[in-house]
**Student:** 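Following this message is one structure expressed as structure tokens.
Just follow the structure's listing: the first ligand is 1, and inside any ligand the first atom is 1.
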Amino acid sequence: MPRPIEALVHVAALAHNLSRARQAASEARVWAVVKANAYGHGIERAFEGLRGADGFALLDLAEAERIRALGWRGPVLLLEGCFEPRDLELCSRLNLWHVVHHEAQIDWLAAHKTRVPQRVFLKMNSGMNRLGFRPEAFGSAHARLQALPQVDEISLMTHFADADGPRGIASQLAVFEAATQDLPGERSLANSAAMLRHGAAAGGPIGARVRSDWVRAGILAYGSAPDFPEHDIVHWGLRPTMTLRSRLIATQQLQRGDSVGYGSRFTAEAAMRIGIVACGYADGYPRHAGTGTPVLVDGVRTRTVGRVSMDMLAVDLQPLPRAEVGSEVTLWGLGPGEAVLAIDEVAQAAATIGYELMCALAPRVPVRVVD
Ligand SMILES: *Cc1c(COP(=O)(O)O)cnc(C)c1O
């Protein structure tokens, strides 16, 4: 028998979450963001649930080839654009749209030999200071692109640093609007947090006062709340798309004063029973999730105890007198019955975010598509 750990990808939940993006984005077309191997879900698996999107956005050219290999003929956007001049040949061959965020990329385009002009998304650095032209350089970059026979339509794009938090998007939005007011072209502004918290459906400016032609749905499609713990997936009407589950492979009866695992980081204050789960950090479970991280055993919520090791972790069986070797353990996602353990709760216990946990699912974990 193989080790009992597995991950499930819930394609119906992906489709459901995508429909939530459509509601939140009102009239806008929706990019399904499938970078990082569809946030760890696997591009081919996620495609089953996300094929109702208007396009796929990603940043690895090999991943763009995989989307085309699945038969997707619609828009594909490279979010970081080209990394070197010859990437433009692949853009021509596969009809990829690409972000232009740097002067060098315009130089490469100017030197590119193509009969079919390419669609580009010109990116503004409106304050995040990661990628894009500064507002004062944006107009001249636009003019340069417009003069190139290699370039077809030019769309305008920016990315918010604080859409999920109290700083919000107002100042970046003002910068973007001021620097683009005289420019034609479609606009793409919102990631998950921006469309949920600042979209027209939420009474925000994006899509209402401010034009929004394309939204970029990443984390919400994968059933994690971008602004947890302020809001959870229940609040946003999202469903988990990834379950990580395993089984108990041993139990131990502890006496008062006994400790558990490496570093003896948990000590029993009274007699108690614990279970040992076939899941550790080599499976992608976060090692920094300390004692008290929520976990489901047979669908009942309990907690981890002690340090996570490479292949195992320990759980408190006090609420589960009948749990035994073979009992089902849900590390995150959907448990037996109606039980749900949001990946965001586990992430918070490990001082990280749902994004990181799903992206870090280890290759040794077998994955099955369900629904
Ligand atoms: C990853 C990414 C997104 C998606 O962000 P989420 O927070 O997952 O919705 C949107 N836009 C850009 C440019 C990105 O790199």
Side-chain angles (χ1 to χ4, degrees), residues 14 17-18 20-25 28-41 43 46 50 53-61 63-64 67 75-83 96-102 105 120-133 155-165 167-169 172-173 176 186-199 202 204 206 212-228 230-231 233 236 238 240-242 343-344 347 352-360:
L14 286 162
N17 295 341
L18 188 69
R20 289 285 304 124
R22 283 213 182 282
Q23 286 166 5
R29 276 161 292 162
V30 179
W31 292 112
V33 180
V34 292
K35 64 190 179 188
N37 200 23
Y39 290 47
H41 290 64
I43 289 196
L50 298 176
D54 297 297
F56 288 88
L58 39 71
L59 36 82
D60 187 299
L61 283 89
E63 290 184 342
I67 284 284
V76 173
L77 177 64
L78 297 177
L79 288 167
E80 294 180 350
C82 293
F83 302 103
L96 308 178
W97 303 358
H98 50 101
V99 167
V100 172
H101 62 80
H102 197 276
Q105 293 173 320
V120 298
F121 278 62
L122 182 61
K123 185 162 186 177
M124 184 188 297
N125 168 16
S126 58
M128 190 171 182
N129 289 308
R130 213 172 50 169
L131 297 184
F133 292 87
S155 303
L156 315 181
M157 170 174 166
T158 197
H159 193 57
F160 298 120
D162 296 292
D164 56 335
R167 285 172 68 115
I169 63 169
Q172 279 188 264
L173 195 56
F176 180 82
E186 295 191 332
R187 268 73 166 158
S188 179
L189 307 173
N191 61 357
S192 297
M195 80 180 79
L196 290 172
R197 292 169 64 96
H198 306 287
I206 293 182
S212 168
D213 301 290
W214 291 90
V215 293
R216 308 189 295 269
I219 196 69
L220 81 85
Y222 302 101
S224 165
D227 56 356
F228 188 84
E230 185 182 346
H231 298 115
I233 54 172
W236 292 124
L238 304 172
T241 60
M242 181 193 283
I343 197 168
D344 299 323
T352 183
I353 51 178
Y355 296 73
E356 188 179 17
L357 296 193
M358 48 181 85
C359 290

**Student:** Is it true that a side-chain atom of Q105 and a backbone atom of H102 form a donor plus acceptor pair closer than 3.5 Å?
**Tutor:** yes
**Student:** Do you see a donor-acceptor pair shorter than 3.5 Å between the side chains of R216 and H159?
**Tutor:** yes
**Student:** For ligand 1 and I219, I'd like to know whether there is a polar contact (N/O to N/O, distance under 3.5 Å).
**Tutor:** yes
**Student:** For atom 10 (C) of ligand 1, what is the nearest protein heavy atom, given as residue, atom name and distance?
**Tutor:** R216 NE, 3.5 Å
**Student:** For a 4.5 angstrom cut-off between non-hydrogen side-chain atoms, does F56 reach I43?
**Tutor:** no
**Student:** Numbering the atoms of ligand 1 from 1, which are under 4.0 Å from a heavy atom of Y355?
**Tutor:** 6 (P), 7 (O), 8 (O)
**Student:** Find all atoms of ligand 1 within a distance of less than 4.0 Å from any non-hydrogen atom belonging to Y39, and give their numbers and elements.
**Tutor:** 1 (C), 4 (C), 5 (O), 6 (P), 8 (O)
**Student:** So which of L220, L189, N191, L59 gets nearest to atom 5 (O) of ligand 1, if we judge by its closest heavy atom?
**Tutor:** N191
**Student:** Using 30° and 60° as the class boundaries, would you call the ring planes of W31 and F121 parallel, tilted or perpendicular?
**Tutor:** perpendicular
**Student:** Please compare S224, S192, P226 and report which has the shortest non-hydrogen distance to atom 9 (O) of ligand 1.
**Tutor:** S192
**Student:** Mind checking whether H41 and Y222 have ring centres under 6.0 Å apart?
**Tutor:** yes
**Student:** Begin from the C-alpha positions of N17 and W236 and carry the test side chain to side chain donor-acceptor pair (under 3.5 Å) through to its verdict.
**Tutor:** CA-CA 9 Å; N17 295 341; W236 292 124; over 6 Å; no
**Student:** What's the shortest distance from atom 12 (C) of ligand 1 to any protein heavy atom, and which residue and atom give it?
**Tutor:** H159 CE1, 3.5 Å
**Student:** Considering heavy atoms of the protein only, find what lies nearest to atom 14 (C) of ligand 1 and give residue, atom and distance to 0.1 Å.
**Tutor:** K35 NZ, 3.0 Å
